[in-house]
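Because the structure is a prediction, the values reported are computed rather than measured.
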Amino acid sequence: MEKPMASVLLCSLFLSHFLCIIGPVQSQTAPVYACDTVKNPGLKSLPFCNQRLDVKTRVADLVKRLTLPEKITFLVNTAGNVSRLGIPTYEWWSEALHGLSYTGPGVNFTGVVPAATSFPQPLLTAASFNETLFHTIGKVISTEARAMHNYGLAGLTYWSPNMNIFRDPRWGRGQEVPGEDPTLTGKYAAAFVRGLQERDDGNKEKLKVAACCKHYTAYDVDDWKGYQRYNFNSVVTAQDMADTYQPPFEYCIREGKVASVMCSYNQVNGKPVCGDYSILAGVIRGQWNLNGYIVTDCDSFNAMYNYQHLTKTPEETAALGLNAGVDLNCGPFLAKYTQGAIDKGLVKVSEVDRAISNNFATLMRVGFFDGDPRQQLYGKLGPKDVCSPAHQELAREAAREGIVLLKNTAGSLPLSRAAIKSLALIGPNANNPYTMLGNYEGKPCKYTSPIQGLSALVATNYSPGCDNIKCATALLDDAKKIAATADAVVLVMGSDQSIETEARDRVNLTLPGQQSYVVSEVAKVAKGPVILVLMCGAGMDVSFAVKDPKVTSILWAGFPGEAGGGAIADVIFGYHNPSGRLPNTWYPQSFADSVSMIDMRMRPDPKTGYPGRTYRFYTGPTLFKFGYGLSYTKFRHSIVQAQDSVSLALDQGHPCRSTKCESVDAAEQTCASSALDIHLNVKNVGTVSGGHSVLLFSSPPALHNAPRKQLVGFQKVRLSPNEDEVVVFNVDVCKHLSVVDEAGNRKVALGLHVLHIGHLKHSLTVEI
Ligand SMILES: *[C@@H]1O[C@H](CO)[C@@H](O)[C@H](O)[C@H]1NC(C)=O
Ligand SMILES: *[C@@H]1O[C@H](CO)[C@@H](O)[C@H](O)[C@H]1NC(C)=O
Ligand SMILES: *[C@@H]1O[C@H](CO)[C@@H](O)[C@H](O)[C@H]1NC(C)=O
Ligand SMILES: *[C@@H]1O[C@H](CO)[C@@H](O)[C@H](O)[C@H]1NC(C)=O
């Protein structure tokens with residue numbers, strides 16, 4: 001929300017003439033809130049201000065009162081104000097990817113609220129495979145958002161989460177998303193969105209804040225070897241679209257009930273997403289019933305017009321977008337060109353009405369038209385509710401739960417505080433707290449860097465080892481000296497936003513510059529265990545360290561947020577038993593050498609040697625697989641109860657009753673009675689307590705080029721040594737075991753499906 005402005009009449013007597021200037025001045029009084037009927041009782045008579053009426057009625061009343069020029073000002077992120085109706089301006093663009101962020105202009109960290117809790121980047125949080133955690137983080141962020149909003153420092157509409165599929169390890173924004181799997185991505189997004197949006201009073205018509213699932217769709221190339229997101233044409237098969245790119249968005253809308261979807265810059269199969277009626281009005285609003293608004297990326301229309309050169313005039317681009325179903329434009333494009341588009345007959349006023357109605361409905365649901373937010377539910381929240389000790393502890397817990405133990409030679413981790421009296425800490429990321437935040441960051445409450453976290457536990461000597469993160473120059477003398485005498489060595493290497501970020505895809509998968517050399521040289525002279533901590537988003541090819549017996553442990557710590565260094569120390573010294581599992585495949589450098597990033601195909605092509613992508617399809621060598629992650633203890637799974645076969649209910653006249661079929665349509669009635677429960681016993685058979693995410697996969701019959709394996713679901717448990725627990729997975733044959741055929745239709749393959757939990761396998765026959 002912007003600083004309130006009030007219009008006053010400034011008059012002065014000059015040469016016996018009255019000179020009057022009407023101008024905006026900074027208000028000295030309380031901010032102006034829409035429908036503040038306490039301050040302005042005259043507004044009570046306006047139906048759009050009447051909270052007893054339903055949203056639809058209020059919106060219809062408001063739209064009816066506006067002139068066309070006024071309406072047009074509500075099509076852009078910095079929305080207009082209408083003084084005569086007591087409506088102040090509104091800034092739609094706020095961001096909260098992993099905490100309130102200053103990336104959007106709607107959030108303003110100032111004196112009263114100088115900072116907010118900074119959680120790990122979603123890729124690391126996703127590695128926790130803990131849906132409760134995803135939800136809790138969303139809830140904490142919306143509490144901080146409401147607290148800041150009450151002080152005029154943050155908006156009510158957040159363009160988070162980012163939930164594209166992490167298809168290629170070079171993507172600079174991989175750190176922002178929950179990984180490469182559609183099920184994990186959908187579940188992360190829905191849980192996070194519900195955490196942001198749901199109110200504690202259970203009122204479903206109203207929202208705590210409005211979230212946004214982005215970027216729709218098939219968007220995951222930013223800037224790679226000259227291919228730019230602004231004009232990239234994503235060539236996607238109907239099959240990949242239906243079983244990889246679309247499902248997370250569908251899940252976010254249907255299960256998460258998200259209030260907004262953002263369309264991306266790129267084209268899909270030659271059509272700009274933000275100008276494609278069939279997938280905006282058709283799929284998002286038509287099939288999936290979005291209750292909310294469709295917003296462009298900032299500024300997709302500018303990209304369509306100036307980079308994709310799709311239309312002769314900007315008015316035609318504006319019309320293309322509005323007619324396709326866009327409601328709000330991040331950027332000024334629609335403010336400039338909508339009137340012209342209407343004048344030329346390219347778009348009807350009714351489309352503008354539809355768009356602003358969706359926008360206003362969302363603002364009604366978050367309480368923007370309910371007067372002073374401090375008089376509403378959450379009105380009591382304030383500075384004390386931002387960066388509270390509990391929120392900061394959650395940031396540390398989230399980082400701990402995400403960290404993945406990739407290698408652990410017997411006797412290496414956890415370090416014993418009794419035995420390890422001195423530590424050599426090396427690496428450019430050990431002492432650069434800002435790097436921990438990743439992108440879309442805000443001002444964190446405070447930092448606990450690796451050097452702070454570790455030196456709180458043990459006498460620590462630090463040496464950077466490199467000139468900077470790019471490590472063009474290795475600084476080995478000092479690093480080797482401290483490593484040779486310390487009881488243990490921790491190297492914190494990896495990347496930062498100068499290596500991988502928005503608008504910056506990588507070319508190589510290896511560690512930057514001389515980093516690998518530094519690790520190997522330091523490891524050679526170390527006298528104790530050597531722990532390599534990778535602070536980075538995407539996977540790195542660290543096969544040299546996997547093979548090197550002197551590197552005794554490897555941890556992936558993602559971009560772990562404000563408390564990252566504390567979390568790393570907790571894991572290294574065994575105050576926390578790592579339970580994170582990789583949400584993405586780690587590929588070797590050879591992948592980057594041989595596969596084009598812009599090839600969107602998920603499935604391998606044996607004819608050309610194209611290996612495909614992600615654990616569901618990829619046929620080449622991997623460094624670490626999706627779901628990989630070690631623990632300080634051991635868990636054993638066994639099946640308690642699971643049926644061996646399931647029958648689908650087909651109509652009497654169904655053709656597959658008389659002729660042999662390989663698959664049938666995944667229709668609700670077919671699956672109505674075919675749900676099954678899998679009961680699994682999980683036991684901690686090691687010697688320390690720990691969390692464990694149980695990942696259930698299925699392998700369908702080899703039909704329709706189906707994924708080799710796909711995630712059905714996951715559940716996390718926490719067990720003491722010798723303790724066990726039964727977890728139950730409810731499997732819906734149509735939802736969880738189905739595959740998509742070449743034309744994009746969902747099918748249930750008949751025959752033998754294999755369910756996997758770790759090494760445990762269970763066969764299930766689907767029959768009719
Ligand atoms: C943010 O706060 C500063 C300091 O109070 C103020 O000058 C600035 O206008 C504010 N910006 C917004 C967008 O509210
Ligand atoms: C918006 O507010 C400014 C400043 O108070 C005022 O001058 C302007 O007339 C308002 N716009 C409308 C459309 O009411
Ligand atoms: C999952 O996250 C929640 C919320 O932070 C936490 O309370 C719970 O202990 C976590 N579950 C496990 C098994 O670690
Ligand atoms: C990628 O690796 C190749 C070969 O090792 C090297 O020549 C090139 O400079 C690297 N590129 C970047 C951007 O690091």
Next item on the list: Determine whether L184 and F166 make a side-chain contact, defined as any pair of heavy atoms from C-beta on separated by less than 4.5 Å.
Entry: no
Notebook entry, point to check: Any ion pair linking E351 and R354 (charged N to carboxylate O, less than 4.0 Å)?
Noted result: yes
Notebook entry, point to check: In terms of ring plane angle, is the pair W224 and Y227 parallel, tilted or perpendicular, where the classes change at 30° and 60°?
Noted result: parallel
Notebook entry, point to check: Does the Q308 side chain pair with the main chain of Y230, one donor and one acceptor, at a distance under 3.5 Å?
Noted result: yes
Margin query: If I compare all heavy atoms of L322 with all of A355, which pair ends up nearest, and what's the gap?
Written below: CD2-CB, 4.2 Å
Next item on the list: Would you tell me whether N130 and E401 have side-chain atoms, one donor and one acceptor, within less than 3.5 Å of each other?
Entry: yes
Note to self: Between S596 (side chain only) and I598 (backbone N and O only), is there a donor and an acceptor less than 3.5 Å apart?
What the structure shows: yes
Next item on the list: Can you see which heavy atom on L764 is nearest to which on S645, and at what distance?
Entry: CD1-N, 3.8 Å
Check: Under 3.5 Å, is there a donor-acceptor pair between the T317 and T311 side chains?
Finding: yes
Item checked: Minimum heavy-atom distance C734-R746, with the two atoms named -> O-CD, 4.3 Å
Checklist line | Non-hydrogen atoms of G270 and N233 that approach each other most closely | finding: N-OD1, 2.8 Å
Next item on the list: Apply side-chain contact (heavy atoms from CB on, under 4.5 Å) to the pair F134 and R194, showing each step before the final yes or no.
Entry: CA-CA 9 Å; F134 308 159; R194 287 199 312 270; over 6 Å; no
Checklist line | Closest contact, heavy atoms only, D220 versus M600 | finding: OD1-CE, 3.6 Å
Check: Please walk me through it: do L750 and I768 pass side-chain contact (heavy atoms from CB on, under 4.5 Å)?
Finding: CA-CA 8 Å; L750 302 176; I768 49 177; 4.0 Å; yes
Check: Can you check whether R365 reaches N291 side chain to side chain, under 4.5 Å on heavy atoms?
Finding: yes
Notebook entry, point to check: Do the ring planes of F333 and F301 sit parallel (below 30°), tilted (30 to 60°) or perpendicular (above 60°)?
Noted result: tilted
Checklist line | Check: S264/D297 side-chain N/O donor and acceptor closer than 3.5 Å | finding: no
Check: For the side chain of D327 and the backbone of N359, is there at least one donor-acceptor N/O pair under 3.5 Å apart?
Finding: no
Next item on the list: Could you tell me whether W92 and Y293 have their ring centroids closer than 6.0 angstrom?
Entry: yes
Checklist line | Which residues share a side chain to side chain contact (heavy atoms under 4.5 Å, CB included) with Q246, sequence neighbours left out | finding: Y216, T217, M241, V283, W288
Item checked: S698 side chain to H736 side chain, donor-acceptor N/O pair below 3.5 angstrom -> no
Notebook entry, point to check: Regarding T183 and Q710, is there a side-chain donor-to-acceptor distance under 3.5 Å anywhere?
Noted result: no
Notebook entry, point to check: Under 3.5 Å, is there a donor-acceptor pair between the side chain of D541 and the main chain of P588?
Noted result: no
Check: Is the shortest heavy-atom distance from the side chain of L328 to the side chain of T362 under 4.5 Å?
Finding: no
Margin query: Can you list everything that forms a ring pair (Phe, Tyr, Trp, His ring centres under 6.0 Å) with H692? Sequence neighbours excluded, please.
Written below: F635, H637
Checklist line | Residues forming a side chain to side chain contact (heavy atoms under 4.5 Å, CB included) with T103, sequence neighbours excluded | finding: E95, S101, Y440
Note to self: Checking side-chain polar atoms at under 3.5 Å, does N439 have a donor or acceptor matched by the opposite partner on Q121?
What the structure shows: yes
Check: Centre of Y615's six-membered ring, under 6.0 Å away, within 45 degrees of the axis: is that where NZ or CZ of K625 sits?
Finding: no
Next item on the list: Measure centre to centre between the rings of W586 and F591, then say whether the value is under 6.0 Å.
Entry: no
Check: Are D240 and R603 within salt-bridge range, i.e. N to O under 4.0 Å?
Finding: yes
Next item on the list: Search all heavy atoms of A242 against all heavy atoms of V740 and return the closest pair with its distance.
Entry: CB-CG1, 3.7 Å
Notebook entry, point to check: Do other residues, nucleotides or ligands put more than 12 heavy atoms under 6.0 Å from Q643 CD?
Noted result: yes
Next item on the list: Could you tell me whether the side chain of P611 reaches within less than 4.5 Å of the side chain of F617, counting heavy atoms only?
Entry: no
Notebook entry, point to check: So, do L75 and I356 sit near enough that their side-chain heavy atoms are less than 4.5 Å apart?
Noted result: yes
Next item on the list: Return yes when atom NZ of K716 has more than 12 non-hydrogen atoms of other residues, nucleotides or ligands closer than 6.0 Å, and no otherwise.
Entry: yes
Check: Is there side-chain contact between P604 and Y618, with at least one heavy-atom pair below 4.5 Å?
Finding: no
Notebook entry, point to check: Can you check whether H98 reaches P161 side chain to side chain, under 4.5 Å on heavy atoms?
Noted result: no
Checklist line | Pair R613 + D168, salt bridge at N-O below 4.0 Å | finding: yes
